2 protein chains.
Amino acid sequence: MSNHQSRPGGRTARVRADVLRAVDDLTTEQPLTQLTLAQVAERSGVHLGTLYRRWGTLDGLLLDAVAERLTTGSPIRDTGNLHADLEDYAHRVAEDLSGPDGQLLLRTLVAVRLGTKAELPPALTRRFDEMQALLDRARARGENPPTLQQVVDIVVAPLYTALLFGTTPANPATLVDRLLKLHPDQ
Amino acid sequence: MSNHQSRPGGRTARVRADVLRAVDDLTTEQPLTQLTLAQVAERSGVHLGTLYRRWGTLDGLLLDAVAERLTTGSPIRDTGNLHADLEDYAHRVAEDLSGPDGQLLLRTLVAVRLGTKAELPPALTRRFDEMQALLDRARARGENPPTLQQVVDIVVAPLYTALLFGTTPANPATLVDRLLKLHPDQ
DNA sequence: GGTTTGACGCGAAGATGTTCGCGTTAGGCG
DNA sequence: CGCCTAACGCGAACATCTTCGCGTCAAACC
């Protein structure tokens with residue numbers, strides 16, 4: 001007996017790629033609020049029914065698109081210099097949030113948190129895991145790094161709320177300095 | 001010639017009150033995602049067409065509901081002790097975000113930021129203004145208070161991201177201590 | 001290659017969401 | 001009190017969103 005439970009290759013993968021590319025194109029051409037599944041269907045050449053079957057809702061599809069983009073983006077650096085790595089990370093987050101991906105991420109995050117599913121997008125937990133690993137390695141080197149929650153609260157959170165409130169975000173370097181000033185090595 | 005441009009009293013006010021009460025009830029009974037204008041119409045006894053006429057969209061109605069709730073809430077204290085006032089404020093924000101109001105606020109904020117309107121809910125800007133006045137008075141007393149952006153970044157932002165990521169928020173007192181430690185009086 | 005079957009295309013049906021015109025009610029004002 | 005008209009009730013028309021069944025195609029395994 002063969003295990004014929006899923007079939008991720010070939011045409012399925014091609015359809016997914018077409019759809020995600022259509023989402024990418026459409027989100028750069030127009031405001032996110034007027035994006036519909038019907039538009040994605042027409043642009044991608046994939047039938048509307050297929051979109052409902054595979055992704056269920058527009059938010060589900062957008063979540064997949066964001067996860068894909070952020071995952072394919074370059075991972076967190078680990079150069080051995082905690083200060084430099086944190087600045088690099090903060091810069092990356094600030095960049096991600098300032099672009100169209102920021103709006104996308106915010107929208108899907110809220111949709112997920114307010115919906116039935118309580119889970120974060122895989123791409124986000126992956127980033128947090130990478131950051132945790134970075135901090136662990138710093139500790140292994142004998143440094144006294146901050147906790148993950150401190151990094152999130154002091155460096156990441158202000159970047160998100162700037163997007164939420166429409167204010168200009170603080171400089172990433174300033175945020176990292178603030179974090180390390182609160183939590184000096186040794 | 002009379003000025004017959006608006007008519008805010010009497011029945012109009014009653015309808016608005018009925019509708020907002022229905023929103024309050026429904027948001028505590030079920031997840032926010034499955035709330036519809038049709039539900040609000042049925043519960044409040046106000047015709048569906050009226051809801052579309054006055055509020056346009058569900059998000060518009062929710063925005064009004066949030067503004068009403070946050071405005072009727074007690075204002076920021078100003079006891080003359082900056083530390084105590086900040087803690088009181090932080091506590092209040094944490095409370096607001098933890099309940100059903102938090103989801104409501106988050107959803108409307110995202111809707112506003114992603115929609116055509118670029119303006120924040122008046123209730124929020126009002127809170128920020130009150131906080132700014134608090135800081136100004138502290139400065140007038142001869143203290144050296146942090147800036148509004150620092151208060152938002154260090155105290156408010158982590159409370160919002162905790163809701164966004166589904167993590168347990170940091171203690172409000174801890175956040176205020178962190179702010180004042182970074183920015184000692186004199 | 002041949003067989004199995006998961007995923008897709010297709011279009012129609014069903015469910016929801018949104019707008020509109022018209023008659024009625026009641027607030028504001030003289 | 002009586003006029004004017006903004007705001008509402010009403011329901012039908014319109015638009016959009018979502019689901020469903022069926023036939024076809026091609027990926028996965030032999």
Side-chain angles (χ1 to χ4, degrees), chain A residues 1-23 26-27 30-65 68 107-108 111-112 114-117, chain B residues 1-23 26-27 30-65 68 107-108 110-111 114-117:
Chain A
M1 269 301 193
S2 332
N3 187 8
H4 277 180
Q5 289 188 353
S6 80
R7 192 178 286 184
R11 184 169 68 159
T12 297
R14 201 180 318 130
V15 164
R16 179 164 181 270
D18 289 346
V19 169
L20 294 191
R21 192 179 326 116
V23 170
L26 288 170
T27 49
Q30 61 178 13
L32 192 56
T33 33
Q34 58 192 51
L35 180 68
T36 65
L37 280 176
Q39 277 185 330
V40 177
E42 187 182 13
R43 175 66 64 98
S44 64
V46 173
H47 193 266
L48 181 59
T50 300
L51 300 183
Y52 278 103
R53 243 189 312 242
R54 283 193 59 175
W55 287 281
T57 65
L58 178 60
D59 284 323
L61 171 57
L62 292 180
L63 184 67
D64 194 12
E68 183 64 27
R107 168 174 175 162
T108 53
V112 163
L114 266 53
T116 53
K117 309 172 189 175
Chain B
M1 268 299 200
S2 328
N3 187 7
H4 278 182
Q5 288 187 353
S6 81
R7 192 178 287 184
R11 184 170 67 161
T12 298
R14 201 180 318 131
V15 164
R16 179 165 180 270
D18 288 347
V19 169
L20 293 190
R21 192 178 328 116
V23 169
L26 289 170
T27 48
Q30 61 178 11
L32 193 55
T33 31
Q34 59 192 51
L35 180 69
T36 66
L37 280 177
Q39 277 187 328
V40 177
E42 188 182 11
R43 175 66 65 98
S44 64
V46 173
H47 193 266
L48 181 60
T50 299
L51 301 183
Y52 278 104
R53 241 189 314 239
R54 283 192 59 173
W55 287 280
T57 65
L58 178 59
D59 283 324
L61 173 57
L62 294 181
L63 187 65
D64 194 9
E68 183 66 26
R107 166 166 177 164
T108 51
V110 170
L114 267 52
T116 54
K117 310 171 189 174

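We name chains A, B, ... by the order of the sequence lines, and we start the count at 1 in each one. Heavy-atom basis, side chains included; hydrogens, waters and symmetry copies ignored. Keep in mind that what you see is a predicted model, and the values were worked out from it rather than measured.
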Validation row: V19(A), W55(A) side chains within 4.5 angstrom (heavy atoms)
yes

So which atom in L35(B) and which in L58(B) form the shortest heavy-atom distance, rounded to 0.1 Å?
O-CD2, 3.2 Å

Atom CG of D18(A) and atom P of dC8(C): how far apart are they, to the nearest Å?
11 Å

Pairing of R16(A) and D64(A) as salt bridge, 4.0 angstrom limit
yes

Work out which heavy atom in T108(A) is nearest to a heavy atom in L63(A); give both atom names and the distance.
CG2-N, 3.4 Å

Verify the neighbour count for atom CD of E42(A): are there more than 12 heavy atoms of other residues, nucleotides or ligands below 6.0 Å?
no

Checking L62(A), L26(A), V46(A) against V40(A) for side chain to side chain contact (heavy atoms under 4.5 Å, CB included), the one that qualifies is L26(A)

Is there a side-chain polar atom (N or O) of R14(A) under 4.0 Å from OP1 or OP2 of dA7(C)?
no

Please state whether the phosphate of dC8(C), meaning OP1 or OP2, lies under 4.0 angstrom from any side-chain nitrogen or oxygen of R54(A).
yes

At under 4.0 Å between heavy atoms, how does the protein contact nucleotides 9-22 of chain D? Give one character per nucleotide, 5' to 3', with B, S or -.
BBB-----SBB---

Starting at CG of L51(A) and ending at C1' of dA7(C), how long is that distance when rounded to a whole Å?
13 Å

